[in-house]
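A short worksheet on the structure shown next.
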Amino acid sequence: MEAVLQTRGLLSLPPHPTRVRSLLNPSQGLKQRLFASKPLGLNGLSLSYKRVPSVVAKPNGLSPKEKSFICKAEAAAAADGQPLFGETPTPKFLGIELVTLKKIIPLGLMFFCILFNYTILRDTKDVLVVTAKGSSAEIIPFLKTWVNLPMAVGFMLLYTKLANVLSKKALFYTVILPFIAFFGAFGFLLYPLSNHIHPEALADKLLAVLGPRFLGPLAIMRIWSFCLFYVMAELWGSVVISVLFWGFANQITTVEEAKRFYPLFGLGANIALIFSGRTVKYFSNLRQNLGPGVDGWAISLKGMMSIVVLMGLAICFLYWWVNKFVPLPTRSKKKKEKPKMGTMESLKFLVSSKYIRDLATLVVAYGISINLVEVTWKSKLKAQFPSPNEYSSFMGDFSTATGIATFTMMLLSQFIFDKYGWGVAAGITPTVLLLSGVGFFSLILFGGPLGPTLAKFGMTPLLAAVYVGALQNIFSKSAKYSLFDPCKEMAYIPLDEDTKVKGKAAIDVVCNPLGKSGGALIQQFMILTFGSLANSTPYLGGILLVIVLAWLSAAKSLDTQFTELRREEELEKEMERAAVKIPVMSESGNGSLASGSAETSETSETSTPSNI
């Protein structure tokens, strides 16, 4: 008898082995048995978490060892992401769950519309302020430093305040509708009236008194409505793309969906660059078919702003549809909700977070780096294409080429994320920007001696600088859209909602123009110190190197923190899923079986290898 008892202690065979013979049949794998699409039953005992009888008629039910074995198997299923007992498989199309497709397709269309508008606005803002009478590319550093940055800071403070009092839906519409209204009003009211509302006579008098050194600041006053358009177009990129769209995408997607689809739905968005580039070129060439005395640029502007308004309304409709018909994903319930914070408390909290500081470093470093090259390139571009329509036409071709390059990079991006992970993907953009920037500055420095060689190819040093600068911008922006932006947005997902909303507002609305303004301030200092951009080019190259190294260091630090947060979130979600789904059965005193949850049952036996 003692031998039998010892054997039972080791093996724990059930009193009625026929009841679990189908479960423990060695001819079939355990995983196949446990994870079948139909719930398994044991002589009337349902193992579905949806329907677990509280009492089984036969008194000699399963032994505690059997119950422990079954519960352990369900825990393994939950941890592996497999369907649990009784779960109905979700419907799929082309291997993708329909619920996921209901998120990804509207998000891709929203991103298409937003980037279509942004491309038109970005190309148009440069044409307006660079080619206007009494202005030049020198206005851009002053605009970014003394107009764009203060407005971005003011918007961030207002947005942080509104985020505490408005719902997410109301906040979205409150922010995007004024943009749509302004761009429509500019095309049909402000630009046609620009000759009457711009103080050109006053600007001429001040310029004669102060001298040509103040051409940039005085140009801001001279063409104030164009400068307002420039700032609103810049804010469209940082507010509508970074804060509204990516904030909404992070709200309704999981990290797994983001890794799989953020790079892919960017493919559709970058088709927008190709089409919007063609759109800009089409409207820029309308002047050729108009009679003498007709302002071709005014006609082009009305057509492009009409498209911007229609695309804006389409964005609002898609946002409404997703909120109405797409369920939100389940987040970890163990994250503590932070109390509502005021503006200063929010800023202090964000500054104190190393995670947010590293994210801010990425954004500021990108803004400084791209601005160090871009302003110099645009000054060469105006010298080559002085007419607004010619300038705009070239920018249309530039946007189309950027879209094609980014489309190609998007195809490679998912492979990069899967093969090498977040850290490598985040380091590609600064590396590309540094290498292409060195090539552009080298041509600016040594363009003179290369003149005879370039003449053999039918190009002047100026035209060569324009094309090389365009290639530098194309490669840098394609790397940003396909890798940098998805990496940055994935980094927000594991954060709690309060940090996510206010952190995005602080980083994307303030740090983005802060980076561009920082680059502009560096250029202004270099011009005042060395006399011209050309003389300061070697020093700008050195500054670019330092900025990119800081960028790479922040990306490495953020990679470590992001991986740790993801590990913690996955562990919490697995524990919650197991707690909700697993039926823990305890044996009552009379030998019957009773069901209970994993959280309330205190009589369930712990499962160990010896039990099995």
Side-chain angles (χ1 to χ4, degrees), residues 122 125-126 129-130 136-149 152 216 230 234 237-238 360-383 395 398 402 427-447 462 464-481 484-485 510-555:
R122 182 188 61 196
K125 71 180 174 62
D126 290 333
V129 302
V130 172
S136 67
E138 295 177 6
I139 192 178
I140 294 178
F142 293 97
L143 260 178
K144 290 185 175 179
T145 305
W146 308 114
V147 180
N148 193 32
L149 181 60
Y230 185 98
E234 285 278 329
S238 56
T361 301
L362 263 62
V363 176
V364 171
Y366 173 81
I368 293 176
S369 302
I370 196 68
N371 195 67
L372 290 177
V373 181
E374 200 171 37
V375 173
T376 306
W377 173 60
K378 287 177 180 176
S379 66
K380 302 293 182 183
L381 191 58
K382 185 190 177 180
M395 291 302 294
F398 166 78
T402 303
I428 290 178
T429 302
T431 304
V432 169
L433 200 150
L434 176 63
L435 295 177
S436 57
V438 167
F440 174 71
F441 282 124
S442 299
L443 185 61
I444 296 295
L445 286 172
F446 308 110
L462 176 61
V466 167
Y467 285 144
V468 172
L471 289 174
Q472 190 276 337
N473 270 268
I474 288 169
F475 289 138
S476 299
K477 290 183 184 298
S478 63
K480 176 185 183 292
Y481 294 145
F484 179 79
D485 285 345
V510 175
C511 292
N512 189 27
L514 181 63
K516 295 179 180 179
S517 301
L521 283 172
I522 292 172
Q523 288 172 327
Q524 293 173 50
F525 174 77
M526 290 292 180
I527 291 171
L528 293 175
T529 304
F530 299 103
S532 67
L533 271 178
N535 295 336
S536 60
T537 298
Y539 304 98
L540 290 176
I543 293 173
L544 182 64
L545 176 62
V546 173
I547 295 297
V548 170
L549 291 178
W551 185 349
L552 290 170
S553 175

Quiz item: What's the shortest heavy-atom distance between Leu362 and Ala554, and which atoms?
Solution: CD1-CB, 3.6 Å

Quiz item: Can you name the closest pair of heavy atoms from Leu552 and Gly427 and give their distance?
Solution: CD2-O, 3.8 Å

Quiz prompt | Point-to-point distance, once rounded to the nearest 0.5 Å, from CG of Leu435 to CD of Gln472 | solution = 10.5 Å

Quiz item: side chain to side chain contact (heavy atoms under 4.5 Å, CB included) between Asp126 and Tyr230: does it pass, once the steps are laid out?
Solution: CA-CA 7 Å; Asp126 290 333; Tyr230 185 98; 3.7 Å; yes

Quiz item: Can you name the nearest heavy-atom pair linking Gly437 to Leu544, along with the distance?
Solution: CA-CD2, 4.4 Å

Quiz item: What is the distance from atom CG of Leu143 to atom NZ of Lys125, rounded to the nearest 0.5 Å?
Solution: 9.5 Å

Self-check item: Residues in side-chain hydrogen bond (donor to acceptor under 3.5 Å, both in side chains) contact with Asn473, at least two apart in sequence or another chain
Solution: none

Quiz prompt | Between CD1 on residue Ile547 and CG on residue Leu372, distance to nearest 0.5 Å | solution = 7.5 Å

Quiz item: Does one side chain, of Ser238 or Glu234, offer a donor that lies under 3.5 Å from an acceptor on the other?
Solution: no

Self-check item: Phe475 atom CZ, neighbour heavy-atom count above 12 within 6.0 Å
Solution: no

Quiz item: Parallel, tilted or perpendicular for Phe398 and Trp377, by the 30°/60° rule?
Solution: tilted

Quiz item: Is there a donor-acceptor pair under 3.5 Å between the side chain of Ser553 and the backbone N or O of Leu549?
Solution: no

Quiz prompt | Distance, nearest 0.5 Å, that separates CH2 of Trp551 from OG1 of Thr361 | solution = 11.5 Å

Exercise. For Ser369 and Val548, work out which heavy atoms get closest and say how close.
Key: OG-CG2, 4.2 Å

Quiz item: For Ala479 and Thr429, which heavy atoms make the closest approach, and how far apart are they?
Solution: O-OG1, 3.1 Å

Exercise. Report the C-alpha distance between Leu433 and Lys480 in whole Å, list the side-chain angles of each, state the deciding distance to 0.1 Å, and finish with yes or no for side chain to side chain contact (heavy atoms under 4.5 Å, CB included).
Key: CA-CA 9 Å; Leu433 200 150; Lys480 176 185 183 292; over 6 Å; no

Exercise. Could you note down all residue pairs passing salt bridge (charged side-chain N to carboxylate O under 4.0 Å, His left out) where residues 468-478 supplies at least one of them, sequence neighbours left out?
Key: Glu374-Lys477

Exercise. Please report the closest heavy-atom contact between Phe440 and Ala465, naming both atoms and the distance.
Key: CE1-O, 3.5 Å

